[in-house]
Structures are given as structure tokens and as C-alpha cells.
There are 2 protein chains.
Amino acid sequence: MSTAEETAGGEGSAWGEVTPDAARRLLIAAVEAFAERGYHATTTRDIAGRAGMSPAALYIHYKTKEELLHRISRIGHEKALEILRTAAAREGTATERLADAVSSFVRWHAGGRTTARVVQYELDSLGPEARAEIIGLRRQVDAEVRGIIEDGVASGEFDVPDVKGTTLAVLSLCIDVARWFNVNGSRTPDEVGELYADLVLRMVGAK
Amino acid sequence: MSTAEETAGGEGSAWGEVTPDAARRLLIAAVEAFAERGYHATTTRDIAGRAGMSPAALYIHYKTKEELLHRISRIGHEKALEILRTAAAREGTATERLADAVSSFVRWHAGGRTTARVVQYELDSLGPEARAEIIGLRRQVDAEVRGIIEDGVASGEFDVPDVKGTTLAVLSLCIDVARWFNVNGSRTPDEVGELYADLVLRMVGAK
DNA sequence: GGCTGCTCTAAGCGACCGCTCACCGTCGGC
DNA sequence: GCCGACGGTGAGCGGTCGCTTAGAGCAGCC
């Protein structure tokens, strides 16, 4: 048996903003459980148990089970957006910025696979209002990547006939890492990030 | 309200092998429900209701709810494998065969998104033995694509430093189409297939 | 020491789950 | 005309779900 911290906090995934301590422990336990079994197959008793508390304790810190998923999803998307924004805003050519964005985005999906799985694949389990908010964040994610690709096309670095479609494909490729990446597999998050940065530069026809 | 046939049978997705008629109707209803809500969030009452039958009728044709998912998953994977085998075995250069494989595989994921979603994303809901069988089919899928890429490398058509990793990425890209493709969106399955074939040829450095 | 407020637990409510069972209508074979 | 086989139903069982409630333990403040 592993504690909640070992798996979900493994890469220092900054749940530090969640207070008090008991609320954070519950949230980390929920991330683990949702990633392993999916939102609907996870019981509130399981979440509370992983956090070392009674089932009722969950409802002191969260109104419903869905609020837990909402909080996880928002914090995760904000983190993902921050990663892309940092890469997009740095100095360098579009080629360098795109490679940086893809490799760090992929590293996050591979290294924090537990969190990324919940963030990327449990969106449909949210209610309409919560889902709408998250979709807004995803549009911003899309805009960051599209911006870099457009810069590369404008500077003549890239050859991309379909910018919207290629942006979609690049993000899709990165996101799907959370589905297949295996912590016990033969590749490290760094290696996958490097491979994917190379593949994406080929996709955009970087010189 | 739409009938089960309209959505899940839309692309003539050949559930014809499932008999008798009532068993097929239940299976198509299950594909719809699993794709919309996920396996765990779908109730047997919902499946039976969509098929126009009472909850108990399901258990005349299937032993458990999981058996439904297993049958759907196996038939779907066999269909996907058949599509790739056809493309891999045709005459032509590795470039032509890879483009054909990707475009037809993507067309299947986009056009039959309902089925593809269940096939690709509900694998973890299967029990150990059923999952092991499906994983065997997936390894064959992987082998088909890797075979084409290896052919291209051997003939000098492709420039691929990491065949295993690139194979994984190509399949990942295609599979993820089932997650984001929207029937009401601006692209047809054919258009996405063509775009993706082009992107994949770039990824393998096709001349 | 008494009081308030916060965190947590034990117990359990009402609803709904997957699945079963006793029974029924229909239909081909004799 | 009777019969068994087959495919179907209504009712409901045992269990588990998300969530609530009454109250215990324990701070800090006067």
C-alpha cells in the first residue's frame, strides 16, 4: 500500500494551495482514486478511506463528490495552461518555443500521469456549469499552441497547410500520453518529451 | 430522441454478426449508453430501456453487464485490426500503405466515434481475463503499424530514429480522434483522415 | 471554568444498483 | 388440441451508493 502523497504528489504537483491540510489529503486521495478507477466507479467511502478519515469527513470540506472533481480539474488545467504559457512567452525562435512547449507539456502528462488522467479524461463527469468553465480553460490552452504555430508560419520556419487542424493534432498527441504512459515502462517522461518534440517539429515542417 | 440504429449503426458498423435480433438491439443500445456516459455510469435499466425492453430481458442474452462490454470491445478491436491489416497487405510503397492505414483507421474512429470511444476508452472496466484478451488484440494492431514503418525504413522511404516510439505516437494520434471528434463539427471523417495521413507521413520523414 | 466554533465520527436514511425468480404469451411439431 | 422451448415481463432481493444528522473531542478566548 502506498500513501496518497507518494503517487499523486510524486512530482511535487503543487496541491499546496489547497487548505486546510485535511482538505488537501482528501483531494489527493480523490485524484488517485479517480485516476485508477474513474470518477463514477469511485465511492466517497474509498476517497475518505485513502485519506484516513471516515466517510462523513469528506462533506465537511466539500459539498459533493462532484465538487472534488471540479477542483481537481480546475487546478490541473491551470497548471497545464501555465506550463504552455511559460514556453510560449520565452525568448527564441518559434521552433525552439514549440519544442519547449511540447516537451514540457508531455513531461507533465507522463510524470503526473495520475493527475493528468483525471484532468483530461473525466471532463464529461462534470455538470454543465463546471464543464463550461473547464472548456474555457481548454480554449486558452489551444490558443497558446496555435499562437506558436502561427508565429512559425509567419516567420517562414514552419510549413503548415492547416493550422487549426495541426494544432488540434499536436495537443491530441500530447494529451493522449496520459492514457498510455506507464510508470514502470521503459521510457522516462524526459525521453518521451524529447521524442514528441522531435515528432511535432516534423509535423509542422520545421526546417 | 434517436433510435439505437441511427447513432451506433450509422456507418454500417456491422453488428450483423450478433444474433438474435434482440441481442443485437441490446448491444447497440449498450454501445450508445457506454459512449455517452461511460461504462460505470450506465445502468442495465438504461440499456434495456433504449432497446425497448424490460430490465430483466438483458439477462436472457447476456450473463452480466460486463459481458456486453467484452463483446463490444472484442468485435470493435477485430474490426480495427481488419482495417489495418487490409491497408498493410495491399500493394504499393510503404508510404502509400501507411497513408492508407492512417486515413482509414482515422475514418473509422471519427465516423464510428460512438463505437470507437467504447472500444478505446472503456478497456479498464473489463475484468482481468477479458482485458488480457483485448490487450492481445491491441498488440496485433501495434504490430501492423510497426511493420509498415519498418518496411519504409528498410526501403529508405522513411527516416525514423525511434521506430517503437514513433509507432506508439502514430497509433496514439489516431486513437485520440475518438475523444475529440465532434459529429457536428466542421470536419468530416474523410477530411480528418486525409489531414492525419499527411501529418503521419511528415512524422516518419517520408520523402 | 464555561462557552463557542471547528473537525471529525458512528449510525443510518432513502434511493438505486446489478441481478434473480416466478410466471406468461407465442409458436412450431406431433 | 396439447406441449415443451424460447423470449419476454413485473416484482423484488440484497447490497451499496451519495449524503445527512446527532453528538463527541478539543482547541482558543473570555
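Convention: sequence-line order gives letters A, B, ...; per-chain numbering from 1.
Distance, B/K63 NZ to C/dT20 P: 10 Å, rounded to whole Å. Nucleotide C/dG25 holds its P atom 18 Å from the CE atom of B/M53, rounded to whole Å. As a whole-Å value, the separation of A/Y62 OH from D/dG18 C1' is 17 Å. Rounded to an integer number of Å, the gap from CG of A/L58 to P of C/dA10 is 16 Å. Rounded to an integer number of Å, the gap from B/H40 NE2 to C/dG18 P is 11 Å. If you take NE2 of B/H61 and P of D/dG8, they are 4 Å apart, rounded to a whole angstrom. The interatomic distance linking A/I60 (CD1) with D/dT21 (C1') rounds to 12 Å, in whole Å. With rounding to whole Å, A/D46 atom CG is found 15 Å from D/dC19 atom P.
The salt bridge (charged side-chain N to carboxylate O under 4.0 Å, His left out) check on A/R37 picks up A/D46, with sequence neighbours excluded.
Within 4.0 Å of A/S54, counting heavy atoms only, lies at least one base atom of the nucleic acid.
Of the candidates D/dC19, D/dT20, C/dG18, the closest approach to any side-chain atom of A/A56 belongs to D/dT20. Checked against C/dT7, D/dT9, D/dC19, the side chain of A/P20 finds its nearest nucleotide in C/dT7.
Look at A/Y59 and you'll find a side-chain N or O under 4.0 angstrom from OP1 or OP2 of D/dC19.
With A/F34 as the aromatic partner, A/K65 does not meet the cation-pi criteria of under 6.0 angstrom to the ring centre and within 45 degrees of the ring axis.
Shown here for B/I47 and B/T42, the closest heavy-atom pair between the two residues is CG1-CG2, 3.7 Å.
Side-chain contact annotation: A/H40 with A/E122, donor-acceptor N/O pair under 3.5 Å absent.
DNA chain C is contacted by both A/R45 and A/G52; A/G52 maps to the nucleotide lying nearer its 5′ end (nearest heavy atom per residue).
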